[in-house]
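Everything numeric in this text was worked out from a predicted model, so none of it was measured. Just so you know, these numbers use all the heavy atoms, side chains as well, and skip hydrogens, waters and symmetry mates.
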Amino acid sequence: MIYLKTDEEIELMYLANQLVGRTLGELAKHIAPGISTLQLDKIAEEFIRDHGAVPAFLGYGGFPNSLCTSVNEEVVHGIPSAKRILKEGDIISIDCGTILNGFVGDSAYTFCIGEVAEDVKALLKTTKESLYLGIEKALEGKRLGDVSNAIQSHCEAKGYSVVRELVGHGIGRNMHEAPEVPNYGRRGFGSLLRNGMCICIEPMINMGKRNVVFENDGWTVRTKDRMCSAHFEHCIAIRPEGPRILSSFDFIEEVLGNNAI
């Protein structure tokens, strides 16, 4: 069942998602060589609670923290740890969620730690581009496959591979609602996009092959060939005038300035 949101509900979702963006912007001030992923998690949890919300990920399905922090070859769902210290040249995908006024916000951004290799930067740039190309196709009356195909075509044309086992999702009062939003597919296929649908589009793109491994911690997913993976996510609403992005990277990019991807 796909739940279509009212105008009022979409406004509440906008507030929850903007708080995610502001949280990621706060984290951008602290992301640097020498900080642990657990320190980032504590900063995020405090910031979210100080703004009247609760972390959506904490306790979700038993997940132990407020952020997913996935470094280098980790695709998604990395668990923050005091032992995982970021170092020069790393990349880190930070996925963050909030619950505010009964609605969930969800967004992710892949950050560079200091100076990162040019080929890795290119992976991040292409992944972020593919997110916006997917969003451009999220038009009322189109199909989910149009979104998925735009992402897949852009990334594969650049020589990257698309993770198949993990997908985007509908969102609302629950973090994961119907429909699933793959990052691969055929134009003209999949669920019809209707006014009031709210979905998270989140390309997970590998520098090497698409194959992934699920680690023994029950959460972390990494590339099988241990090559880098990038992840960017926006929450959007389908509207008659076109897709409305409810989340934001603006707060991050204000902090990063010219160093933003």
(request) Would you kindly confirm whether I79 and I31 end up in one hydrophobic cluster when ILVMFWY residues are joined by side chain heavy atoms under 4.5 Å apart? (result) no
(message) My understanding is that a hydrophobic cluster links ILVMFWY residues whose side chain heavy atoms are under 4.5 Å apart, including indirect links. Using that, what else belongs to the cluster containing F214?
(response) V75, V76, V163, L166, M204, V212, V221
(request) Without swapping roles, check the side chain of T37 against the backbone of T69 for a donor-acceptor pair under 3.5 Å. (result) no
(message) According to a hydrophobic-cluster definition based on side-chain heavy atoms being under 4.5 Å apart (Ile, Leu, Val, Met, Phe, Trp, Tyr only), do L139 and V147 belong together?
(response) no
(message) Measuring only between side-chain heavy atoms, which start at C-beta, is M13 closer than 4.5 Å to K5?
(response) yes
(request) Under the salt bridge (charged side-chain N to carboxylate O under 4.0 Å, His left out) rule, collect the residues that match up with D90, sequence neighbours excluded. (result) K87
(request) Kindly give the heavy-atom pair with the smallest separation between D225 and G208, and that separation in Å. (result) OD2-CA, 3.5 Å
(request) Please name the pair of heavy atoms, one in N195 and one in P240, separated by the smallest distance, quoted to 0.1 Å. (result) OD1-CD, 3.2 Å
(message) Which heavy atom of D106 sits nearest to which heavy atom of V20, and what is that distance?
(response) N-CG2, 3.9 Å
(request) With sequence neighbours excluded, give me every side-chain hydrogen bond (donor to acceptor under 3.5 Å, both in side chains) pair touching residues 181-191. (result) N149-R187
(request) Can you sort out the partners of A117 under side chain to side chain contact (heavy atoms under 4.5 Å, CB included), two or more places apart, ordered by chain and number? (result) D119, V120
(request) Go through L40 and L86 one step at a time and tell me if the side-chain contact (heavy atoms from CB on, under 4.5 Å) criterion holds. (result) CA-CA 10 Å; L40 294 174; L86 298 179; 4.0 Å; yes
Could you list the donor-acceptor pairs under 3.5 angstrom formed by side chains in residues 91-101, with sequence neighbours left out?
residue, atom, partner, partner atom, Å
S93, OG, H231, ND1, 3.0
T98, OG1, A16, O, 2.8

(message) Does I85 form a side-chain contact (heavy atoms from CB on, under 4.5 Å) with I35? I'd like the steps, not just the answer.
(response) CA-CA 6 Å; I85 309 296; I35 196 166; over 6 Å; no
(request) Mark yes or no for whether Q18, through its side chain, and L15, through its backbone, hold a donor-acceptor pair below 3.5 Å. (result) no
(message) Do L144 and V181 make a side-chain contact, defined as non-hydrogen atoms from C-beta onward lying under 4.5 Å apart?
(response) yes
(message) Going by ring-ring contact (aromatic ring centres under 6.0 Å, His included), name the pairs with one or both residues in residues 32-54, residues two or more places apart or in two chains.
(response) F47-H51
(request) Measure the CG-CD distance between D50 and E45 for me, rounded to the nearest 0.5 Å. (result) 10.0 Å
(request) Report yes or no: does E88 contribute a side-chain atom to a donor-acceptor pair with the main-chain N or O of E115 at less than 3.5 Å? (result) yes
(request) Decide yes or no on side-chain contact (heavy atoms from CB on, under 4.5 Å) for E73 and M207, but give the supporting numbers first. (result) CA-CA 9 Å; E73 75 275 10; M207 182 176 285; over 6 Å; no
(message) Looking at every non-hydrogen atom in both residues, tell me the closest pair between K137 and A150 and how far apart they are.
(response) CG-CB, 3.9 Å
(message) Nearest 0.5 angstrom please: R164 CZ to N211 CG, how far?
(response) 10.5 Å
(message) Nearest 0.5 angstrom please: F232 CZ to L131 CG, how far?
(response) 8.5 Å
Return all side-chain donor-acceptor pairs below 3.5 angstrom for residues 244-261, not counting sequence neighbours, or 'none' if the list is empty.
residue, atom, partner, partner atom, Å
R244, NH1, E11, OE2, 2.7
S247, OG, H234, ND1, 2.7
S247, OG, C235, N, 2.9
S248, OG, D250, N, 3.0
E253, OE2, Y109, OH, 3.2
E253, OE2, K128, NZ, 2.5

(message) Could you check whether any side-chain heavy atom of P55 comes within less than 4.5 Å of a side-chain heavy atom of R49, counting everything from C-beta outward?
(response) yes
(request) Check whether L24 and V104 end up in the same hydrophobic cluster, where Ile, Leu, Val, Met, Phe, Trp and Tyr are linked by side-chain heavy atoms less than 4.5 Å apart. (result) no
(request) To the nearest 0.5 Å, tell me how far L12 CG sits from N17 CG. (result) 11.5 Å
(request) Starting from L192, walk the hydrophobic network (Ile, Leu, Val, Met, Phe, Trp, Tyr; side-chain heavy atoms closer than 4.5 Å) and list everyone else you reach, by chain and number. (result) none
(message) Let me check something: do L19 and I43 share a hydrophobic cluster, defined by ILVMFWY side-chain heavy atoms less than 4.5 Å apart, either directly or through other members?
(response) no
(request) Please check if the side chain of S130 supplies one atom and the backbone of C155 the other of a donor-acceptor pair under 3.5 Å. (result) no
(request) Apply the test side-chain contact (heavy atoms from CB on, under 4.5 Å) to residues C68 and F63: give CA-CA distance (whole Å), side-chain angles for both, the deciding distance (0.1 Å), then the verdict. (result) CA-CA 9 Å; C68 295; F63 190 76; 3.8 Å; yes
(message) Do I201 and I135 have side chains that approach each other closer than 4.5 Å (heavy atoms only, starting at C-beta)?
(response) yes
(request) Return each pair, listed once, that meets ring-ring contact (aromatic ring centres under 6.0 Å, His included) where at least one residue sits in residues 3-41; pairs must be two or more places apart or across chains. (result) none
(message) Going by ring-ring contact (aromatic ring centres under 6.0 Å, His included), name the pairs with one or both residues in residues 137-175, residues two or more places apart or in two chains.
(response) H169-H176
(request) Consider only side-chain N and O atoms of N206 and S229, and report whether a donor and an acceptor are under 3.5 Å apart. (result) yes
(message) On a heavy-atom basis, which atom in G196 and which in I10 lie closest, and how many Å separate them?
(response) CA-CD1, 4.2 Å
(request) Return the minimal non-hydrogen interatomic distance between I171 and G105, and the atom names on each side. (result) CD1-C, 4.3 Å
(message) Please check this pair: side chain of D146 against backbone of G188, looking for a donor-acceptor N/O pair closer than 3.5 Å.
(response) yes
(request) Would you indicate whether the side-chain heavy atoms of H77 and T220 approach each other to under 4.5 Å? (result) no
(request) Could you tell me whether a side-chain N or O of S36 sits under 3.5 Å from a main-chain N or O of R84, the two making a donor and an acceptor? (result) no
(message) Using modelled atom types and a 3.5 Å cut-off, is there a donor and acceptor pairing between side-chain atoms of D41 and backbone atoms of L67?
(response) yes
(message) What I want to find out is whether E118 reaches K121 closely enough, with some N-O distance under 4.0 Å, to be called a salt bridge.
(response) yes
(message) Under a 3.5 Å distance rule, please check whether S161 uses its side chain to pair with a backbone N or O of R210 as donor and acceptor.
(response) yes
(message) Please determine whether the number of non-hydrogen atoms from other residues, nucleotides or ligands lying under 6.0 Å from atom CZ of R194 exceeds 12.
(response) no
(message) Just so I know, are the side chains of C228 and L123 near enough to count as touching, which here means a heavy-atom distance under 4.5 Å?
(response) yes
(message) Once salt bridge (charged side-chain N to carboxylate O under 4.0 Å, His left out) is applied, do any residues pair with R222, and if so which ones, sequence neighbours excluded?
(response) E215
(message) Donor-acceptor pair, distance only, cut-off 3.5 Å: does the side chain of N174 make one with the backbone of E177?
(response) no
(request) For E136 and L133, indicate whether the former's side chain and the latter's backbone hold a donor-acceptor pair under 3.5 Å. (result) no
(message) Nearest 0.5 Å, please: how far is CZ in R173 from SG in C198?
(response) 12.0 Å
(message) Assigning hydrophobic clusters by single linkage (Ile, Leu, Val, Met, Phe, Trp, Tyr; side-chain heavy-atom cutoff under 4.5 Å), is V167 placed with I151?
(response) no
(request) Could you pull out all residues at least two apart from E129 that satisfy salt bridge (charged side-chain N to carboxylate O under 4.0 Å, His left out)? (result) K125, K158
